[in-house]
There are 2 protein chains.
Amino acid sequence: MSTGSSRESLPQKLSQGTLGPVDGSESAWEEIGFRGPQVCRIVGISYRQLDYWARTELLTPSLAEAQGSGTQRRYSYGDLVALKVIKSLLDAGVALKTARVAIDYLRDHLGGDLATASLVLDGSRSVLALTGDDIVDLVRHGQGVLNIVPLGPVVAELAASIHELDVTVAAAGPKATPAHGRKATGGG
Amino acid sequence: MSTGSSRESLPQKLSQGTLGPVDGSESAWEEIGFRGPQVCRIVGISYRQLDYWARTELLTPSLAEAQGSGTQRRYSYGDLVALKVIKSLLDAGVALKTARVAIDYLRDHLGGDLATASLVLDGSRSVLALTGDDIVDLVRHGQGVLNIVPLGPVVAELAASIHELDVTVAAAGPKATPAHGRKATGGG
DNA sequence: CATCGGAACGACACAAACGTAACTACCGGC
DNA sequence: GCCGGTAGTTACGTTTGTGTCGTTCCGATG
């Protein structure tokens, strides 16, 4: 991945992120974070959506808020997970307003192995089901509508998109993401 | 339930409705149908919603469309089930646009015992799961977001609301629902 | 026929969500 | 300092869904 220039290389150091154990899919972006346009590409949403969600405080960039035109928001890997969940819910026809409830919950409860977990919304509450049996219980005992978001595919797709970004950055060389590279050297 | 006046009594004859076997919860309203305002009360929605849904063809009255101001829409028991499903989805934060997909499917697939069935939406498809095991299978093998609507509570709540309407009509006597009563005698 | 209550109809307002596009500011290279 | 690229910012438009309210029509009743 590294092209040899320490200034342009992507950090390989793995660290504790905001969302619990590092499962290998975050690579080293966790320290630098992701810029707005990168996030849009990785998650598969429009810049307008990302901007609106930040402004209405659905999901604000946890590493750095923008300081005006020309500056950059920086999002963490955990932010990306949450954004991907929002996207999934929207794709499934769930209203943004409801996604807000889900994300409020997710913010406080992510910390385990996401690959086997599912976020379950049952109208007014959200629950993080950690195993398939947990879900079955919820389904069997539920009396109202359930929205079930498997997180395995979420993190898998994120890993793939981030890997693709890694590859793109490495292939493009030192000047591919000047804004990104310079921030890293800016003492971030 | 009958107050003795054949003109004002509610028909007790059970018949095949538009939604399969009569399960005892429809009473005899199936033949007469339900007027707009009654539907709103039974299902728990605003008249504006019902009107909009009829006008935008989400759910039109299957027994009779309105013929102008002052005339009446008449909805069947099956219409009520579908409306209740829509309401449940909306309450769960699912967008009306998505509910439209679900109702398109439901229109063609209702015919069994609803009390143990669930409607499952998985993004682009809808499935009617007839047993708890069906649902478990869908959940275990699903890769995207699932919306699960148990139909048991839907028909149970409908039965209760319709029973309440029956009681109200019977208690109020012959002039409680003139519009309704006269329709029955009008040869409907 | 006149009156009245009830139901549908039409018009407008508003909020939410997001697309489009122009504007502004920052940052880094030269 | 100048310039270009990039990202954020602002403004406006569109669509959808629903609330509010006035209008029109129908049918029953006196």
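Letters A, B, ... mirror the listed sequences (proteins, then strands); counts begin at 1. Here the structure is a predicted model, which means the values were calculated and not measured.
- Residues that satisfy the side-chain contact (heavy atoms from CB on, under 4.5 Å) test with A:Val101, not counting sequence neighbours, are A:Ser126.
- B:Leu58 places its CG atom 14 Å from the P atom of D:dT16, with the value rounded to the nearest Å.
- Contact check, A:Trp53 against C:dC18: a side-chain N or O comes under 4.0 Å of OP1 or OP2.
- B:Tyr105 places no side-chain N or O within 3.5 Å of a backbone atom of B:Leu121 that could act as its donor or acceptor partner.
- As judged by a 4.0 angstrom heavy-atom cut-off over every strand, A:Ser46 is placed among residues touching the sugar-phosphate backbone only.
- One can place CZ of A:Arg100 at 9 Å from P of C:dC18, the figure rounded to the nearest angstrom.
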Short N/O separations, protein against nucleotides 21-25 of chain D, under 3.5 angstrom:
| from | atom 1 | to | atom 2 | distance (Å) |
| --- | --- | --- | --- | --- |
| D:dT24 | O2 | B:Ser69 | OG | 3.2 |
| D:dC25 | O2 | B:Gly70 | N | 3.3 |

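- A straight line from CD of B:Gln49 to P of D:dT20 spans 12 Å, rounded to a whole angstrom.
- In this structure, the OH atom of B:Tyr52 is 16 Å from the P atom of C:dA11, given to the nearest Å.
- Taking the side-chain contact (heavy atoms from CB on, under 4.5 Å) definition, one finds that A:Ala95 meets it with A:Thr98, sequence neighbours left out.
- B:Asp51 places its CG atom 15 Å from the P atom of D:dT20, with the value rounded to the nearest Å.
- No donor-acceptor pair under 3.5 Å is formed between the side chain of B:Tyr52 and the backbone N or O of B:Leu58.
- Taking only side-chain nitrogens and oxygens, A:Arg55 never comes nearer than 4.0 Å to OP1 or OP2 of C:dC18.
- Note on B:Lys87 versus B:Asp91: salt bridge recorded, some NZ/NE/NH1/NH2 to OD/OE distance being below 4.0 Å.
- Of all non-hydrogen atoms in B:Ser76 and B:Ser62, the two that sit nearest each other are OG-OG, 3.1 Å.
- Atom pair B:Leu96:CG and D:dT18:C1' shows a separation of 10 Å (rounding to whole Å applied).
- Following rounding to the nearest Å, A:Leu90 (CG) and C:dA16 (C1') show an atom-to-atom distance of 13 Å.
- Of all non-hydrogen atoms in B:Asn147 and A:Ala92, the two that sit nearest each other are OD1-O, 3.6 Å.
- In this structure, the OH atom of B:Tyr75 is 10 Å from the C1' atom of C:dA8, given to the nearest Å.
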